[in-house]
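Take a look at the structure below.
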Amino acid sequence: MGAAIEVTGLVKRYGDKVAVDGVSFTVPEGEAFGYVGPNGAGKTTTIRSMLGLVRPTAGTIRVLGRDVATDLSEVLADVGHLPGEFGLWPQLTGIECLEYLGDLQGRPPVRRQELCDRLELSSIDLRRQVRLYSRGMRQKIGLVQAFQHEPRVLVLDEPTEGLDPVMKERFAGLLDEHRRAGGTIFLSSHILSEVEQTTERVAVVKAGRIVVTRATADLTGERVRRCTLVLKKPVPAGELAIAGVSALEGDGWSYRFEFRGDMEPLMRRLGTFAVQEFSCEPEHLARMFFEIYGDAR
Ligand SMILES: Nc1ncnc2c1ncn2[C@@H]1O[C@H](COP(=O)(O)OP(=O)(O)OP(=O)(O)O)[C@@H](O)[C@H]1O
């Protein structure tokens with residue numbers, strides 16, 4: 001399969017401010033790619049450049065082989081874009097917004113009705129002006145417009161912002177279907193659990209540059225787990241000196257410690273103790289993110 005997204009030497013300056021400072025990456029078709037980094041790192045600017053919403057200072061962007069600078073209409077026909085804060089025209093009705101965005105996409109909205117049904121947007125809702133919508137309803141319009149034309153590439157910028165848990169689940173279902181149909185996903189999100197669940201590879205951006213690109217599973221493997229052990233018979237702390245254990249605290253009857261890496265040797269050792277209780281909680285990916293890359297600001 002070819003490249004779905006190819007960004008080469010992307011630079012975007014706003015006056016003296018360099019928002020994106022020479023970013024290059026390729027997302028093969030069918031991959032789900034995460035794009036993470038602290039506030040102001042340049043994620044949204046990269047996305048807006050991919051959609052022709054800002055003009056890069058330098059660099060090229062190709063989507064499914066087409067140059068965004070010269071073939072924007074063809075690019076937009078193949079891309080579904082869902083921003084976190086979805087701005088709509090307040091005086092238009094929901095259906096008018098969907099039609100207008102559908103015209104920009106230039107492809108028939110073959111899934112519109114099905115999506116409205118699944119997201120519980122009734123025809124009465126759709127005939128109301130968007131200014132009367134709740135934030136969640138606006139976000140539903142955002143979801144419908146992103147998927148309505150069956151795009152091959154989804155570009156998602158903080159997509160679950162403002163969605164309630166039910167809508168989040170439906171959105172996850174839509175992403176799943178998109179993946180199974182061989183679609184590509186580019187996901188920028190601060191919700192690292194979402195990045196972890198959705199993507200196969202992740203790039204970390206800092207001050208306008210990609211500092212590292214890794215398989216998401218590798219990042220997960222380096223994750224810290226916080227463990228608590230309660231014993232029926234005490235064991236000396238030395239018995240827990242196993243590779244991967246750190247920050248060990250305890251009195252022989254109970255211990256707390258952090259664990260990194262392969263769990264198997266730890267579980268084998270625990271099997272030789274009289275264990276009353278053992279719990280092991282993965283640390284939030286955010287902490288691992290900052291541990292590996294330091295304070296990314
Ligand atoms: N229109 C603009 N004019 C001037 N500076 C801008 C403009 N848009 C973005 N910037 C600046 O460019 C930098 C990158 O912004 P961008 O919105 O791309 O970051 P981000 O990684 O998406 O951040 P966040 O996670 O906060 O959304 C920031 O310093 C921002 O202030």
Side-chain angles (χ1 to χ4, degrees), residues 4-27 32-63 68-69 72 75-76 79-89 135-136 138-139 142-143 145-146 153-163 168 171 175 184-199 201-214 216 219 284-297:
I5 305 168
E6 283 174 281
V7 172
T8 313
L10 178 67
V11 176
K12 177 64 190 174
R13 284 195 204 101
Y14 293 105
D16 292 344
K17 172 83 207 167
V18 184
V20 178
D21 191 10
V23 159
S24 299
F25 60 84
T26 300
V27 183
F33 186 79
Y35 206 58
V36 303
N39 291 133
K43 304 179 299 294
T44 299
T45 305
T46 305
I47 287 180
R48 291 174 67 80
S49 306
M50 282 160 51
L51 295 158
L53 294 167
V54 300
R55 189 191 291 268
T57 308
T60 55
I61 303 173
R62 300 182 82 81
V63 176
V68 171
L72 185 60
V75 167
L76 294 182
V79 175
H81 174 218
L82 184 60
E85 278 179 39
F86 189 58
L88 287 166
W89 303 270
R135 184 173 177 195
R138 282 197 291 274
Q139 198 64 4
L143 281 171
Q145 65 79 35
V153 179
L154 285 173
V155 176
L156 312 168
D157 192 0
E158 305 288 347
T160 54
E161 214 139 286
L163 292 185
K168 273 190 185 147
F171 172 62
L175 286 186
T184 308
I185 297 173
F186 180 96
L187 170 69
S188 170
S189 175
H190 288 296
I191 305 170
L192 296 170
S193 57
E194 186 171 276
V195 175
E196 191 178 7
Q197 275 159 26
T198 311
T199 67
R201 217 154 49 96
V202 60
V204 180
V205 269
K206 170 183 171 182
R209 295 184 178 188
I210 293 182
V211 288
V212 69
T213 306
R214 298 272 284 276
T216 313
L219 290 182
H284 197 271
L285 200 59
R287 178 173 155 193
M288 179 229 64
F289 170 73
F290 287 112
E291 254 189 20
I292 297 179
Y293 308 112
D295 185 3
R297 273 152 224 278

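Atoms within each ligand, like the ligands themselves, are counted from 1 in listed order.
Closest protein heavy atom to atom 1 (N) of ligand 1: Tyr14 CE2, 3.4 Å. For atom 15 (O) of ligand 1, the closest non-hydrogen atom on the protein side is Thr45 OG1, 3.7 Å. In terms of protein heavy-atom proximity, atom 14 (C) of ligand 1 is closest to Gly40 O, 3.4 Å. Atom 19 (O) of ligand 1 has its closest protein heavy atom at Gly42 N, 3.2 Å.
Side-chain atoms of Thr160 and Glu194 form a donor-acceptor pair, as typed in the model, at a separation below 3.5 Å.
Judged by distance alone, with hydrogens and angles left aside, the side-chain atoms of Gln145 form no donor-acceptor pair with the main-chain N or O of Gly80 at under 3.5 Å.
Remark: His81 NE2 to Ile47 CD1 distance equals 6.0 Å, nearest 0.5 Å. Taking CG from Leu156 and OG1 from Thr198, the interatomic distance works out to 8.5 Å, rounded to the nearest 0.5 Å. Annotation: the span from Leu187 atom CG to Asp157 atom CG amounts to 9.0 Å, rounded to 0.5 Å.
Residues Ser24 and Val7 are not in side-chain contact: their nearest non-hydrogen atoms beyond the backbone lie 4.5 Å or more apart.
Of all atoms in ligand 1, listed by their number and element, those nearer than 4.0 Å to a heavy atom of Ala41 are 19 (O), 20 (P), 21 (O). Within ligand 1, the atoms closer than 4.0 Å to a non-hydrogen atom of Thr44 are 17 (O), 18 (O), 20 (P), 22 (O), 27 (O), numbered from 1 in the order shown.
In terms of polar-atom proximity, Asn39 is counted as a contact of ligand 1, with an N or O under 3.5 Å from an N or O of the ligand. Where the criterion is an N or O separation shorter than 3.5 Å, residue side chain and backbone included, Ala19 fails it with respect to ligand 1.
For the pair Gly37 and ligand 1, no heavy-atom separation below 4.0 Å is found.
Of all the heavy atoms of Lys17, the ones lying under 4.0 Å from any atom of ligand 1 belong exclusively to the side chain.
Atom 30 (C) of ligand 1 lies below 4.0 Å from none of the non-hydrogen atoms of the protein.
Within a 6.0 Å radius of CZ in Arg201, other residues, nucleotides and ligands contribute more than 12 heavy atoms.
In this structure, Phe25 and Tyr35 have tilted ring planes: the angle between them lies in the 30° to 60° band.
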